[in-house]
Amino acid sequence: MAEKNKAESSKKIRTRFAPSPTGWLHLGNARTAIFNYLFARHNGGDLVLRIEDTDRERSKKEFEEAIIEDLKWLGIEWDEGPDVGGPHGPYRQRERFDIYKKYVDILLKKGYAYRCFCTPEELEAEREKAKKEGRPYRYSGKCRHLTPEQVEEYLKEGKPYVVRFRVPDGRDIVFEDLIKGEVKFNVNDFGDFVIVRSDGSPVYNFVVVIDDALMKITHVIRGEDHLSNTPKQILIYEALGFEVPKFAHLPIILGEDRSKLSKRHGAVSVRQYRFDGYLPEALLNFLSLLGWYPKDGKEILSKEELIERFDIEDIHNAPAVFNKEKLYWMNGVYIREVLDLDDLTNRVINYLKQYKEHLDKEDQPVAELILQKPYEYIKEVVSKVRDSFFTLKEFPKRAKPFFVDKVELTPEAVKHIEKITPEVAKQIVELYLQKVKDMETFKGEDFKKVAKQVAKELKLKPGMVFKTLRVALTGETQGVSLDLLVDVIGKEATEKRLESFLSNLG
RNA sequence: GCCCCCGUCGUCUAGCCCGGUCCAGGACACCGCCCUUUCAAGGCGGAGAUCGCGGGUUCAAAUCCCGCCGGGGGCGCCA
């Protein structure tokens, strides 16, 4: 026994993430992938990526590629998979059909499975009947006891059939879930289930076992929606003499209305968050904290820190509501505190290049102008405004005055001018312009000084002067500190903007 | 309907296994004040959870036991 324990504990930990390529990577699946990754890395184990494309109808190659790209973008690395290969491949289920067939034959031969010739209509009738009688539906087992001769005959007739697993009667299946604790099912709750469809393709519940066993997966970490599949799978493991892995079922992610997070709740794909200007580090960090919490309570964690702290035992077992507000905040933390300036600048530039079409309409021309500027200039602007944007997508909005010389007034700005009257606005701006022109140099630190002088000479409130200058310089009534702005755009551009404001005033 | 899982501030959660230090701690959001040329950021402070409910056990329960209620997931020739 002691020896066995030793052997077990020294066995390399292997986890897997097995998405089906039927859509973009969903946030819930991304989190599952993250937990598999963190668990494997924390324990010095391997992560396997496997594509579950047995659903011919819905699986698409382009989704497989998109999922792989999004996983990489998030920073998840796997040791074996369809793109990198490995000793237990192939890693696409459609390429493994021969393997599955072999195991179906074994089950058939040993009597753990049998051919079922019931038609969909017959099954439908069974289902209806069960419903009417108010009992849960289970396959009747009609074809369980077909004689070999009958089977032979049906086969000869070319009658279509499925293969069903012969579920033993009345047994309790008990297993220790790493998150849920002891979970018990009785096999009577489900009937003989299908493992091969009538078109010859194997079904998920079956192939997942074959693959996990052959790929030497030691820990199956997946969504809680798979919990009730587990007993069926354990039956197959046992029938085939495979070692049963450890299971960990993650609580699902809920939308704001406390139902399973789905398209109805808005953006639910990793890709969508990329489009919206989220940083992979922030998304990874945030998703990790959905249902798991580090012992030291530190929330802003790099990938390395997550790996170091991750412990599957600490996963909270209640479902978690996806709180986009907090993700948004966290993305802001990464933008203003975590990333270094060059890194951030490059991300802004790349985002603008790659996802221009996802910007708001009015920001697109701004993005063009930004991209025309030299790197150093953009970097300087980023350093000035990084405190005020939360997603890369918002950068053009915040940085617009640094790039757009042609100032257009917003409705609020127009309102402000009307309120103080155009005459007063003209007075302020003219005097300010005059003073700037008289100066040899005009730097950010001078901005305030001059504005105060203008206020004093005109006997106006400083606030009014500042606001008016803001309107003249940016067309807006709020935004970056003006001293930072003029410092970056320089004396000449400042004068030009003031002049054009005046000429527009008429 | 049946099976399974879950239930601490609006949300994410700490604490629960090993009852007392918890009239329950942190984070987001919210409110107020400060900083300030505005917005934001930042600093400080505040409000917000009778620990789903009801019974036990105990000197003592968020923590242990039972029942109930509520929420969610699964019951396919989808994964």
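Within every chain, numbering begins at 1; the chains are lettered A, B, ... in the order of the sequence lines, protein sequences first and strands thereafter.
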>> Keeping A:D177 on the side-chain end and A:I179 on the backbone end, is there a donor-acceptor pair under 3.5 Å?
In response: yes
> Does a side-chain N or O from A:H316 land closer than 4.0 Å to OP1 or OP2 of B:A14, or not?
Replying inline: yes
>> Does A:E176 form a salt bridge (Lys or Arg N to Asp or Glu O under 4.0 Å) with A:K246? I'd like the steps, not just the answer.
In response: CA-CA 8 Å; A:E176 188 71 22; A:K246 299 237 186 310; over 6 Å; no
>> Taking 4.0 Å as the cut-off, does a side-chain nitrogen or oxygen of A:T54 come that near to OP1 or OP2 on B:A79?
In response: yes
> Taking the six-membered ring of A:Y114, is NZ or CZ of A:R164 closer than 6.0 Å to its centre and within 45° of its axis?
Replying inline: no
> For the side chain of A:S481, counting heavy atoms from C-beta on, which of B:C39, B:C6, B:G73 is nearest?
Replying inline: B:C39
>> Quick check for you: among B:G72, B:C77, B:C4, whose closest atom lies nearest to any side-chain atom of A:I252?
In response: B:G72
Could you list all N or O pairs between the protein and nucleotides 26-30 of chain B that sit under 3.5 Å apart?
from	atom 1	to	atom 2	distance (Å)
B:A27	O2'	A:E299	OE1	2.8
B:A27	O2'	A:K326	NZ	3.2
B:A27	N3	A:K326	NZ	3.4

> So, for A:F247 and A:F175, is the gap between ring centers shorter than 6.0 Å?
Replying inline: yes
> A:H249 near the nucleic acid: base, sugar-phosphate alone, or nothing, with a heavy-atom cut-off under 4.0 Å?
Replying inline: nothing
> With both distances under 3.5 angstrom, what nucleotide forms a Watson-Crick or G-U wobble pair with B:C18?
Replying inline: none
> Counting only side-chain N and O atoms of A:N186, is one of them less than 4.0 Å from OP1 or OP2 of B:C2?
Replying inline: no
>> When both hydrogen-bonding distances must be under 3.5 Å and the geometry is Watson-Crick or G-U wobble, what is B:C30 paired with, if anything?
In response: B:G46
For nucleotides 32-36 of chain B, list the nitrogen or oxygen atoms of the protein found under 3.5 Å from its nitrogen or oxygen atoms, one pair per line.
none

Any N/O pairs under 3.5 Å between the protein and nucleotides 64-67 of chain B? List them or say none.
none

>> When both hydrogen-bonding distances must be under 3.5 Å and the geometry is Watson-Crick or G-U wobble, what is B:C69 paired with, if anything?
In response: B:G7
> For B:C64, what is the paired nucleotide under Watson-Crick or G-U wobble rules, both distances under 3.5 Å?
Replying inline: B:G56
> According to a strict under-4.0 Å criterion, is A:R336 in side-chain N/O contact with OP1 or OP2 of B:G42?
Replying inline: yes
> Taking the C1' atom of each, how far is B:C51 from B:C23, in whole Å?
Replying inline: 12 Å
